[in-house]
There are 2 protein chains.
Amino acid sequence: MEERGHPGLHSGESLLFLTDEQLRKGIEAMFFAYRGFTADPDRILSGMEYGRAHHRAIHFINRSPGTTVNNLLNTLGVTKQSLNRVLRTLIADGLVESRVGEKDKRERHLYLTPEGEALEQRLSDAQRARMRAAYRAAGPEAVAGFRTVLEAMMDPDMRRQYLSLREENT
Amino acid sequence: MEERGHPGLHSGESLLFLTDEQLRKGIEAMFFAYRGFTADPDRILSGMEYGRAHHRAIHFINRSPGTTVNNLLNTLGVTKQSLNRVLRTLIADGLVESRVGEKDKRERHLYLTPEGEALEQRLSDAQRARMRAAYRAAGPEAVAGFRTVLEAMMDPDMRRQYLSLREENT
DNA sequence: CTTGGAATGTCAACAAGGCTGACTTAAAAA
DNA sequence: TTTTTAAGTCAGCCTTGTTGACATTCCAAG
């Protein structure tokens with residue numbers, strides 16, 4: 001049934017008119033929506049000694065338990081020095097556990113401790129609540145479109161990262 | 001025909017199942033897509049003496065020429081001290097002009113100079129090119145859904161800001 | 001006219017979280 | 001065994017956010 005996916009020109013609706021103004025509105029929508037997207041976890045974390053960087057690390061360690069530091073580096077797109085500062089505090093505070101690799105002892109494998117999982121829950125509950133409300137308000141077709149456009153906006157490397165996080169569903 | 005817009009339960013498709021995993025994927029999509037979204041202007045600005053904060057200021061001054069510092073503050077959601085640092089360099093470098101208000105001389109009205117407009121063009125051309133490619137790849141229905149979900153994700157104040165930027169179209 | 005409040009701007013100090021560069025240690029390769 | 005590579009650490013810098021204190025300028029109310 002020729003789902004969207006290739007951009008070619010079928011039923012005369014492609015090669016769509018895209019005025020600069022329409023594109024600008026999309027850009028601004030991303031800007032304002034991202035503010036909302038990060039607002040709830042930021043609120044929770046301010047007051048604790050953590051920030052958005054800690055949230056991201058916790059999120060992806062939870063997502064891929066046992067991941068190595070290097071994997072996490074690539075996922076987050078930051079330098080190892082920057083990540084290290086965050087990981088050190090999380091490990092020192094007992095939210096993350098770092099285990100030396102068995103096959104390759106140069107690697108460290110990262111896991112959330114029960115305390116780390118508890119914080120992850122608090123943060124992602126808040127973020128998911130906003131997401132859920134937005135999805136419900138927008139409806140399933142809008143949600144599908146939302147995901148489609150976001151995927152198309154990613155750099156190919158990021159998109160691969162993103163897709164490889166599937167595993168459990170979509 | 002009862003377009004999406006209210007979340008109620010019509011034709012049995014609302015109250016949609018939203019598993020935590022689906023919501024997590026949406027969260028990750030936002031994260032990775034936002035990286036792509038900012039990548040091109042960031043690349044242009046690194047090497048110049050400017051950063052993302054300058055881009056944002058330039059974008060919204062271009063969008064609403066003559067806006068006051070206070071308006072810009074509210075739009076950007078930063079403190080005046082933070083914005084001031086950015087504006088000072090842009091004004092010193094001749095990219096932005098600050099005119100004392102005629103009615104209320106306390107206010108400063110901000111305009112891009114021709115040089116400022118030139119930089120704005122370079123930056124937004126790059127950002128729009130990515131947006132245009134994503135929109136084309138995803139198709140018009142996906143684009144509508146994308147906008148709908150992003151709007152639903154904003155805080156009400158941000159949504160008002162966002163909508164008040166329309167004027168010229170949608 | 002004077003005074004209070006609003007809008008703007010400045011200075012200083014600080015924090016978060018990016019970055020680069022230099023280094024240690026462990027593992028792998030020569 | 002020696003060299004090279006990879007992972008991780010430490011030190012220091014930059015951008016951009018924050019607060020707080022304060023000066024200036026102006027409008028508007030008394």
Side-chain angles (χ1 to χ4, degrees), chain A residues 31 34-35 38-39 41-61 66-93 96-110 123, chain B residues 31 34-35 38-39 41-61 66-93 96-111:
Chain A
F31 173 70
Y34 198 77
R35 289 247 299 274
T38 56
D42 281 357
R43 223 185 329 273
I44 292 172
L45 289 165
S46 82
M48 313 183 54
E49 60 202 13
Y50 299 134
R52 203 177 288 180
H54 299 82
H55 179 199
R56 292 198 282 250
I58 288 174
H59 175 99
F60 285 107
I61 293 172
T67 189
T68 63
V69 173
N70 226 16
N71 283 341
L72 199 49
L73 243 42
N74 293 330
T75 302
L76 296 174
V78 299
T79 60
K80 63 183 173 178
Q81 295 89 334
S82 189
L83 176 59
N84 186 256
R85 177 169 33 198
V86 164
L87 279 182
R88 230 183 314 151
T89 70
L90 291 174
I91 292 168
D93 295 349
V96 167
E97 189 192 352
S98 165
R99 296 185 207 151
V100 172
E102 297 188 352
K103 268 195 61 171
D104 186 336
K105 295 178 190 165
R106 287 175 300 182
E107 295 179 344
R108 304 293 189 282
H109 298 271
L110 302 170
L123 295 171
Chain B
F31 173 70
Y34 198 77
R35 290 247 299 275
T38 56
D42 282 357
R43 222 184 330 273
I44 293 172
L45 289 165
S46 83
M48 312 184 54
E49 61 203 12
Y50 300 134
R52 203 177 288 180
H54 301 82
H55 180 197
R56 292 198 281 253
I58 288 173
H59 175 99
F60 285 107
I61 293 172
T67 188
T68 64
V69 173
N70 227 14
N71 284 340
L72 201 48
L73 244 42
N74 292 330
T75 301
L76 295 174
V78 299
T79 59
K80 65 180 172 179
Q81 293 86 339
S82 190
L83 175 58
N84 188 257
R85 177 169 33 200
V86 165
L87 280 182
R88 228 184 314 150
T89 70
L90 291 174
I91 292 169
D93 295 348
V96 167
E97 189 191 353
S98 166
R99 295 187 207 150
V100 172
E102 298 189 350
K103 266 196 61 173
D104 185 338
K105 294 177 190 166
R106 288 172 300 181
E107 294 180 342
R108 303 294 188 280
H109 297 272
L110 303 170
Y111 300 86

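Residue numbers begin at 1 in each chain, while the letters A, B, ... track the order of the sequences. Computed from a predicted model, the values in this text were never measured in an experiment.
Look at CZ on Arg108(B): it is 18 Å from P on dA6(C), rounded to the nearest Å. Distance, Asn70(B) CG to dG5(C) P: 18 Å, rounded to whole Å. Rounded to whole Å, the distance from CD on Glu107(A) to C1' on dT25(C) is 15 Å. Atom CZ of Arg99(A) and atom P of dG8(D) are 15 Å apart (whole Å). Rounded to whole Å, the distance from CG on Leu72(A) to P on dA6(D) is 19 Å. Computed from coordinates, the Leu76(B) CG to dT18(D) P distance equals 10 Å when rounded to whole Å. Following rounding to the nearest Å, Asn71(B) (CG) and dA6(C) (C1') show an atom-to-atom distance of 14 Å. At whole-Å resolution of the value, NE2 in His109(A) and P in dA26(C) are 16 Å apart.
Between the two ends of the helix from dC1(C)-dG30(D) to dA30(C)-dT1(D), each summarised by a five-pair axis, the helix axis turns through 10° (rounded to 10 degrees).
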If a protein heavy atom is under 4.0 Å from the base, mark B; if only from the sugar-phosphate, S; if neither, -; do that for nucleotides 25-30 of chain D going 5' to 3'. BBS---
Contact state string [nucleotides 13-22 of chain C, B base, S sugar-phosphate only, - no protein heavy atom under 4.0 Å]: ----BBBBBB
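Using cut-offs of 30° and 60° on the angle between ring planes, the pair Tyr50(A) and His54(A) is tilted.
Nucleic acid contact class of Thr68(A) (heavy atoms, under 4.0 Å, all strands): none.
Comparing Gly101(A) and Ser98(B) by the nucleotide of DNA chain C whose heavy atom lies nearest to each, the residue mapping closer to the 5' end is Ser98(B).
Among residues two or more places apart in sequence or in another chain, the salt bridge (charged side-chain N to carboxylate O under 4.0 Å, His left out) test is passed with Arg52(A) by Asp42(A). Not counting sequence neighbours, Arg85(B) has no partner by the salt bridge (charged side-chain N to carboxylate O under 4.0 Å, His left out) test. The salt bridge (charged side-chain N to carboxylate O under 4.0 Å, His left out) search around Asp104(B) returns Arg106(B), not counting sequence neighbours.
Counting heavy atoms from C-beta outward, Ile61(B) and Ile58(B) have side chains that stay 4.5 Å or more apart. Using a 4.5 Å heavy-atom threshold, the side chains of Thr68(A) and His109(A) count as touching. Inter-residue side-chain proximity for Phe31(B) and Leu76(A) is flagged as met; some heavy-atom pair is nearer than 4.5 Å.
Heavy atoms only, all atoms of each residue included: Asn74(A) and Arg35(B) are closest at O-NH2, 4.3 Å.
Of the side-chain N and O atoms in Arg88(B), one or more sit less than 4.0 angstrom from OP1 or OP2 of dT10(C). The phosphate of dT8(C) (OP1 or OP2) has no side-chain N or O of Asn84(B) nearer than 4.0 angstrom.
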